[in-house]
Each structure stands twice: as structure tokens, then as C-alpha cells.
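Below is one structure, written out as C-alpha cells; comments come after it.
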2 protein chains.
Amino acid sequence: MTNNFSSISTSSRSLHVQVARSIARRILSGELAQGSLVPNEMTLCEQFGVSRTALREAIKLLTSKGLLESRPKIGTKVVHRAYWNFLDAQIIEWMDGLSDPEVFCSQFLGLRRAVEPEACALAAIHATPEQRQELSEIFQEMVKVTENFNQAKWTEVDMSFHQVIFNSTNNDFYLPFGNILTTMFKTFIMHSSKEGDVCLNEHRLIYEAIMAGDSAKAKAVSLDHLQSAKHHLPET
Amino acid sequence: MTNNFSSISTSSRSLHVQVARSIARRILSGELAQGSLVPNEMTLCEQFGVSRTALREAIKLLTSKGLLESRPKIGTKVVHRAYWNFLDAQIIEWMDGLSDPEVFCSQFLGLRRAVEPEACALAAIHATPEQRQELSEIFQEMVKVTENFNQAKWTEVDMSFHQVIFNSTNNDFYLPFGNILTTMFKTFIMHSSKEGDVCLNEHRLIYEAIMAGDSAKAKAVSLDHLQSAKHHLPET
DNA sequence: ATGTTTTTTTTGTATTACAATTGATAAAAC
DNA sequence: GTTTTATCAATTGTAATACAAAAAAAACAT
């Protein structure tokens with residue numbers, strides 16, 4: 001995690017990403033109907049005031065996420081919603097402001113409740129010594145932050161905690177949930193969480209179960225954590 | 001699902017997708033190390049014998065999936081594995097032949113066991129009348145195929161069955177699993193499944209529980225289904 | 001009517017040129 | 001000697017133009 005570029009937001013300044021975001025939001029909001037043709041390249045170039053190069057790179061980006069599909073002579077179509085990859089951090093970011101945050105978060109929780117307890121169970125079994133060490137350090141940090149409470153710091157360390165757990169499953173298919181969860185946090189969940197201490201205890205239970213290699217308990221306490229009150233309403 | 005273009009494979013003939021696939025496989029296999037710089041654009045253009053246009057569209061596609069990250073003057077880096085989006089059908093396709101299929105399938109099953117039972121539970125509650133109708137028709141088809149057994153037909157209808165269930169959750173975050181499962185089937189799971197009839201009964205239980213709106217039972221029988229023997233080893 | 005050829009529209013690919021970013025280097029100021 | 005500032009150079013970013021390829025639509029022939 002050390003030698004990656006500063007952050008995703010850096011490249012968001014690039015023109016084709018801005019164009020992609022704009023088109024994506026038209027699709028995600030339903031302004032561009034599923035199955036309909038978007039305007040042809042030259043028209044879009046004029047609409048956005050960019051070159052075909054930039055526009056096409058934008059379209060390729062959206063095609064890769066399952067939103068668009070192009071064919072010569074026909075044009076570019078918005079594909080059916082069932083093919084949109086909502087398990088993609090960038091798409092989740094782009095949903096900001098398009099969907100009722102409460103509904104969206106509650107849907108996400110519907111998936112998270114299925115995935116995260118199992119991730120904890122797997123981490124309890126498969127975490128390497130290095131990963132256990134890392135988790136341990138993060139939990140230490142968590143304790144420290146709680147003693148001298150700081151909202152920003154706590155969100156940061158909370159995200160790291162969950163991310164390390166997903167990594168510790170050592171299962172490729174669980175890895176993406178780390179980013180997805182982080183993105184959901186940053187984009188939608190800005191809840192004030194005054195009950196930092198309560199949370200700490202819940203995290204402690206998860207932490208200890210994983211370190212002890214007790215997968216059943218890890219799963220159970222994680223599920224408890226996700227059913228605690230604060231997950232139900234994202235207080236803006 | 002009616003008015004999409006013939007299939008994804010059509011566009012795979014396009015040059016930038018071929019290039020993307022080739023680079024992706026070098027990354028996924030580890031031949032291009034995480035954090036390392038890939039050769040600059042002109043070098044890659046020469047290596048692949050394509051124009052910068054095509055090459056850059058390929059890179060944009062891979063960037064969108066979390067495999068690459070570019071910056072002016074610096075170059076293009078392979079990002080850390082934790083950011084690769086394994087929950088992407090195209091990446092899963094590209095893994096073909098790069099990973100031990102048995103390990104890969106077993107990892108996938110590790111996620112599927114978490115997600116699909118919950119999807120069945122949600123479908124039992126949230127499926128619309130139209131979706132219940134669709135599920136019903138597909139199950140009818142399933143019965144018919146079993147009576148006059150045909151491997152290809154059965155795989156087809158099996159995929160549809162599970163896809164409709166994910167759609168019937170009416171939860172955006174469950175939608176992508178339909179494609180992912182289908183892709184896993186097509187790419188890795190070619191098991192002969194002589195026990196088609198046994199499976200039919202398992203599917204019947206799932207089908208009936210969902211139609212009855214019994215979420216707890218739907219979840220339970222789905223989990224049973226996923227723990228039945230044939231899921232453990234993909235017989236090539 | 002039906003099959004075949006031509007036309008036309010749209011995306012796909014190539015090429016060239018220049019702009020913007022930024023690390024590295026060198027120069028200047030303190 | 002250290003720090004700041006300016007310059008340089010390498011790489012990606014953007015633009016513009018031209019032509020190729022695909023495929024639907026139209027025109028044509030049978």
C-alpha cells in the first residue's frame with residue numbers, strides 16, 4: 001500500500017474522467033434510459049467541448065464498468081441495469097446525490113451483513129502472522145484514538161481495520177470489499193457516531209476472535225456489530 | 001435483457017480489448033509486479049504493434065478496473081492487488097489459465113456461500129410479481145430440461161435461475177453477482193454434473209421457498225445447495 | 001416479392017502535433 | 001552549506017485529421 005500514487009482523486013482531474021463521470025451520472029440517474037442510444041461521438045464531443053480522443057477514453061472507461069456498449073454503424077447503447085457493476089468504487093462515488101442515501105446505505109448494509117461476518121470468519125482462519133500483526137497495530141491505534149476522541153482519525157482507523165480484515169481473508173473475491181466499504185464511508189456515511197466507546201468494544205470482540213482463530217465467534221460478533229443501531233440510519 | 005448487443009465476446013475482437021487482455025494477464029499472473037512501472041506508451045505501442053490511440057484505450061480500460069494508474073512524467077504503474085476489482089466479469093474471464101481452477105473456484109465458493117443464501121432470502125421478500133412469474137417460468141423450463149436431459153441446455157437454464165434470483169433481491173449491490181456467477185460458470189465450471197436430478201430437487205426447494213415468501217427457509221435451502229458435494233471440486 | 005449490390009452512417013484505428021505535469025537537475029539566494 | 005528558485009526533460013494528456021471496417025439501410029436487379 002506504500003507506493004501507489006497519492007489518491008484516486010488526482011486522476012479525477014483528467015478530462016476523460018470528468019466526461020465519464022458526467023455521462024455515468026446521466027445513466028445512473030435514469031436520464032439516459034437503459035437500452036437507448038447515446039448521441040454519437042461527434043455530437044458528444046461538441047456537447048462536452050472535448051476532442052474525440054478524450055471522449056472515446058471516457059466511453060471505454062464506462063464500457064469497462066458495464067454501463068455502455070458500442071458497435072460500428074449502430075452507435076453506443078446504455079446497457080441493461082443488471083449488467084452495471086455496482087461493486088465498483090468509482091460507480092459508487094458517482095451515485096452521490098443521485099439516490100436517497102438512506103435507501104442506498106440500507107441496501108449496502110443488506111450486502112455487508114452477508115459478506116463481512118463471513119470475511120471475519122475467514123480472516124480468523126487464514127490471516128498470516130504479518131496480517132495479524134497489522135490488525136493488532138491498527139486496533140492499538142483504535143484504542144488510542146478513542147481515549148483522545150477525534151472524529152476524522154477514528155473514521156480513518158475504522159476503515160483500515162475493516163480493510164485489513166478483508167485482506168486477511170486471503171481470498172481474491174473478498175479483497176474488493178475493502179475499497180467498496182471505504183468508498184461508502186467516505187461518500188455516504190458521515191454519521192457523527194458519538195458512541196465511539198461502544199463501537200470500540202464491538203471492534204475489540206471482533207479483533208480478539210480473529211486473533212484467537214475463533215471463526216465462529218468472529219462471525220457472530222461481526223454480525224452483532226452490523227446490527228447495532230448506528231448502522232441503520234446514516235445521519236447526515 | 002432483450003435489446004443488448006449480441007454478446008460481450010463480439011467486442012472482444014476490438015484491438016484495444018485484445019491489448020488490454022494481454023496486459024491484464026501479465027499483471028494478474030504476476031509477470032508485471034505490483035507497484036512496478038509498465039513500459040511507456042510508445043514502447044508498448046511498438047511491442048503490440050498498435051497505435052497510441054488503441055493502446056491508451058486499453059490502459060484506460062485497465063485503470064477503470066483498478067489494475068493500472070497513470071501520471072504524466074512518471075508513467076503507468078501496476079497498482080497493489082488489494083485494489084484489483086476481482087468482482088468484475090472481465091477480470092474473472094482473464095484469469096482463465098492463470099490460477100489453479102480448483103483453488104479459484106473454491107475461493108469463489110467461499111464468497112458465494114456468504115452471498116447467495118442471503119440473496120435468496122431477500123428475493124423471497126422483495127421479488128416483484130413479474131420476477132416471481134419469470135422465476136416460475138425458468139423453473140418450469142428446468143423441469144423440462146431434466147426430463148430430457150441435455151447438458152448445454154441445463155447449464156443455460158441453471159445460470160438464468162440464479163441470475164433471476166439476484167435480480168429479484170431488488171438490491172443494486174446484489175445485481176453484479178448474476179454476471180459474476182455466469183462468468184464463473186462459463187469460464188471455469190464445466191463439470192459434467194451427472195446428478196442433474198438431485199440438483200433439480202435442490203432448486204425446487206429454493207424455488208418454492210422464494211415463491212412462498214419464506215426468507216429463512218430460502219436462505220437455509222440455498223446454503224444446503226451450496227454445500228452439496230458437486231460444488232467442492234470442479235471436475236475438468 | 002426476393003435476393004444482391006451499393007450507399008451511408010457510425011465506431012475503430014492510425015498518425016502527428018502540441019499541452020500539461022512533475023521529477024530531476026542546476027542555478028541562485030540566503 | 002543549505003534552502004529556495006528556475007530550468008530542463010520525460011511521460012502522459014489532449015487535439016485534430018484521415019482513413020478503415022462494420023453493418024444497417026437503401027437502391028437495384030432478378
Side-chain angles (χ1 to χ4, degrees), chain A residues 2-23 27 32 35-79 90, chain B residues 2-23 27 32 35-79 90:
Chain A
T2 65
N3 52 0
N4 60 335
F5 297 156
S6 61
S7 87
I8 313 286
S9 59
T10 308
S11 63
S12 298
R13 282 181 210 148
S14 91
L15 205 42
H16 79 268
V17 177
Q18 292 177 42
V19 172
R21 178 179 191 274
S22 177
I23 297 175
I27 295 172
L32 289 172
S36 69
L37 285 170
V38 304
N40 67 35
E41 291 181 348
M42 284 318 293
T43 307
L44 287 172
C45 286
E46 285 163 18
Q47 274 186 25
F48 288 103
V50 302
S51 70
R52 244 190 106 193
T53 307
L55 181 87
R56 281 180 57 83
E57 288 177 2
I59 289 179
K60 263 50 201 173
L61 195 163
L62 297 179
T63 302
S64 149
K65 297 190 188 303
L67 298 182
L68 290 176
E69 194 170 12
S70 301
R71 291 187 82 180
K73 165 70 185 177
I74 312 298
T76 300
K77 270 186 184 176
V78 178
V79 315
Q90 211 164 15
Chain B
T2 64
N3 53 1
N4 59 334
F5 297 158
S6 60
S7 87
I8 315 286
S9 58
T10 308
S11 63
S12 299
R13 282 182 209 146
S14 91
L15 205 42
H16 80 269
V17 177
Q18 292 177 41
V19 172
R21 179 180 191 272
S22 177
I23 297 175
I27 294 172
L32 289 173
S36 69
L37 286 170
V38 304
N40 68 35
E41 290 181 350
M42 284 318 292
T43 307
L44 287 172
C45 286
E46 285 163 17
Q47 275 185 26
F48 287 104
V50 301
S51 71
R52 242 188 109 194
T53 308
L55 181 87
R56 281 180 57 83
E57 288 178 2
I59 288 179
K60 263 51 202 172
L61 195 163
L62 298 179
T63 302
S64 149
K65 296 189 188 305
L67 298 181
L68 290 177
E69 194 171 13
S70 300
R71 293 187 80 179
K73 163 72 183 176
I74 313 300
T76 301
K77 270 187 185 175
V78 178
V79 316
Q90 211 164 17

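Throughout, a chain's letter reflects where its sequence line sits, starting with A, and its residues are numbered from 1.
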Rounded at 0.5 Å granularity, tell me how far [atom1] in [X] sits from [atom2] in [Y].
X: B:Ser22; Y: B:Gln18; atom1: OG; atom2: CD; answer: 9.5 Å
X: A:Glu57; Y: B:Thr53; atom1: CD; atom2: OG1; answer: 8.5 Å
X: A:Glu41; Y: A:Ser51; atom1: CD; atom2: OG; answer: 11.0 Å
X: A:Ile74; Y: A:Leu37; atom1: CD1; atom2: CG; answer: 8.0 Å

(request) Identify, residue by residue, the members of residues 46-61 of chain B with a heavy atom below 4.0 Å from DNA chain C, and return them in order of residue number, or none. (result) B:Val50, B:Ser51, B:Arg52, B:Thr53, B:Ala54

Nearest heavy atoms of [X] and [Y], plus distance in Å:
X: A:Ser64; Y: B:Lys65; result: O-NZ, 2.7 Å
X: B:Val38; Y: B:Val78; result: CG1-CG2, 3.9 Å
X: B:Gln90; Y: B:Leu61; result: OE1-CD2, 4.0 Å
X: B:Ser70; Y: B:Ile59; result: OG-CG2, 3.9 Å
X: B:Leu68; Y: B:Val79; result: C-CG1, 3.7 Å
X: A:Val19; Y: A:Ala58; result: CG1-CB, 3.8 Å

Using OP1 and OP2 only, check whether a side-chain N or O of [X] sits under 4.0 Å from [N].
X: B:Thr76; N: D:dT12; answer: yes
X: A:Arg71; N: D:dA22; answer: no
X: B:His16; N: C:dG12; answer: no

What does the list of N/O pairs under 3.5 Å between the protein and nucleotides 7-10 of chain D look like, with a distance for each?
none

(request) Choose from C:dG12, D:dG13, D:dA24 the nucleotide whose nearest atom is closest to any side-chain atom of B:Ser14. (result) C:dG12

Whole angstrom value for the distance that separates [atom2] of [N] from [atom1] of [X]:
X: B:Ile74; N: C:dA20; atom1: CD1; atom2: C1'; result: 13 Å
X: A:Glu69; N: D:dA23; atom1: CD; atom2: P; result: 13 Å
X: A:Leu15; N: C:dA20; atom1: CG; atom2: C1'; result: 12 Å
X: A:Leu44; N: D:dT14; atom1: CG; atom2: P; result: 17 Å
X: B:Leu37; N: D:dT12; atom1: CG; atom2: P; result: 9 Å
X: B:Leu68; N: D:dG13; atom1: CG; atom2: C1'; result: 16 Å

(message) Taking the axis from the first five pairs and the axis from the last five, what angle separates them in the helix from C:dA1-D:dT30 to C:dC30-D:dG1, rounded to 10 degrees?
(response) 10°

(request) Compare all side-chain heavy atoms of A:Phe48 with those of A:Ile23 and state whether any distance is below 4.5 angstrom. (result) yes

